Every structure is written in structure tokens, then in C-alpha cells.
J.: 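The structure follows.
Just the heavy atoms: all of them, side chains too, but no hydrogens, waters or symmetry mates, feed the values below. Remember, predicted model here, so these are calculated numbers, not experimental data.
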Amino acid sequence: MKQYVYVLLILFSVTLTNCSLNPTIDTNTSQIVKSSWNLVNISGGFAGVNENFNTGEIVWSFNEDNSILTVTNTNTSGSIEYGPISGTYSFSVTNNGSNLFLFIDSNEFGSFTVTQNQLIIDQSITTNGSAADKFIYIFERSSIIE
């Protein structure tokens, strides 16, 4: 009987040591739709683009209440063709397996991940698999919209 108790104690101890106390990244859609984001980098594409942007130069604000994305783009270096120009767009988020996908004006824009202060949109991951010569957009959180 003592052997069973010892085995149970060992199994219980192993189970506890395998648990993590670190919080996981919350990838629920409210992480993206209740925030404004500064685009800080675009990379990829056929030409191998790797372009950095100043804070406030290109800002995407997601309004969850009416599903509107507002883009403010004051960049004058000619990079506006890499994403939506200044204006308002409808948006939606779709969960497809383990990935979340952003749709802008009903067009798939890319898979995204959200951490506490960063949004990464990867256009090479699509709902139909992977795609070549696409862009990766890296944003930093500007503000949380209440």
C-alpha cells in the first residue's frame, strides 16, 4: 500500500512541475478590434522589401462596434501600395483552425497574431494554405479604445 502512495505522490509531483505559471498569449479577437496600431515594419514580397516606419506615420484603428477599420497614412515615401491607403474599411475576423484571419472589405488580408503590444499580420498564411511573395506587417499598439 505504501508503494502506491509513493507512486501517486511522485506522479502528482511530476504533474505539478510540468505546469507553467507563465501566462499565454491571448489571441482572442478583442485584442485587435479594441486598439489602434502603429505600423512599424513591412517585409517580404517578391522584391524583398524591408521598410521601417515612424510611430504615427501609418495608424490602423479598429472599431469593434461598427466593424470599421480606419487607416491614417501620412507616409510620403511611396510605400502606401503595400496596404490600404487612408480611409475607412469594413473588417471582419475569422478563426480557421489554429489561425485568426483578418478580412478587409471582405478580402482576406492575412493571418494575424496579437501579443500585449504587437500585432503581426502574415499574408503568406491564408485560409487556403500558404502563399509566396507576400508581406509581413508588424504593428505596435498605439492605444486601447474603450
J.: Before giving the answer on side-chain contact (heavy atoms from CB on, under 4.5 Å), spell out for W37 and V114 the whole-Å C-alpha distance, their side-chain angles and the decisive distance to 0.1 Å.
T.: CA-CA 11 Å; W37 300 91; V114 181; 4.1 Å; yes
J.: Quick check for you: to the nearest 0.5 Å, what is the distance between K134 atom NZ and I121 atom CD1?
T.: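 The distance works out to 14.0 Å.
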J.: N117 vs E140, test: side-chain contact (heavy atoms from CB on, under 4.5 Å). Steps then yes/no.
T.: CA-CA 6 Å; N117 291 311; E140 290 180 353; 6.0 Å; no
J.: Got Q123 and I136 here, is their nearest side-chain heavy-atom distance under 4.5 Å?
T.: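 Heavy-atom side-chain distance check fails, nothing below 4.5 Å.
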J.: Looking at V71, T70, I58, which one forms a side chain to side chain contact (heavy atoms under 4.5 Å, CB included) with P84?
T.: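 For P84, the side chain to side chain contact (heavy atoms under 4.5 Å, CB included) check succeeds only for V71.
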J.: With ring-ring contact (aromatic ring centres under 6.0 Å, His included) as the test, would you mind laying out the steps for F62 and F91 before giving the verdict?
T.: CA-CA 8 Å; F62 294 87; F91 79 91; 5.1 Å; yes
J.: Once the angle between the rings of W60 and F139 is folded into 0 to 90°, is it parallel (under 30°), tilted (30 to 60°) or perpendicular (over 60°)?
T.: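 Tilted: the ring planes of W60 and F139 meet at 30° to 60°.
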J.: Under a 3.5 Å threshold, yes or no: a donor from one side chain and an acceptor from the other, between S90 and D105?
T.: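 Result is yes, a qualifying pair exists.
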J.: Should F101 and I125 count as side-chain neighbours, where that means a heavy-atom distance under 4.5 Å?
T.: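 Yes; the side chains approach each other to less than 4.5 Å.
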J.: Can you tell me if N66 uses its side chain to pair, donor with acceptor, with the backbone of I68 under 3.5 Å?
T.: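 Indeed, once roles are kept as given, a pair shorter than 3.5 Å links the two residues.
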J.: Distance check, rounded to the nearest 0.5 Å: E108 atom CD versus T94 atom OG1?
T.: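 It is 8.0 Å, given to the nearest 0.5 Å.
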J.: Can you list the steps and then say if D122 with S124 is a side-chain hydrogen bond (donor to acceptor under 3.5 Å, both in side chains)?
T.: CA-CA 5 Å; D122 187 345; S124 67; 2.5 Å; yes
J.: To the nearest 0.5 Å, tell me how far S36 OG sits from L119 CG.
T.: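 Answer rounded to 0.5 Å: 11.5 Å.
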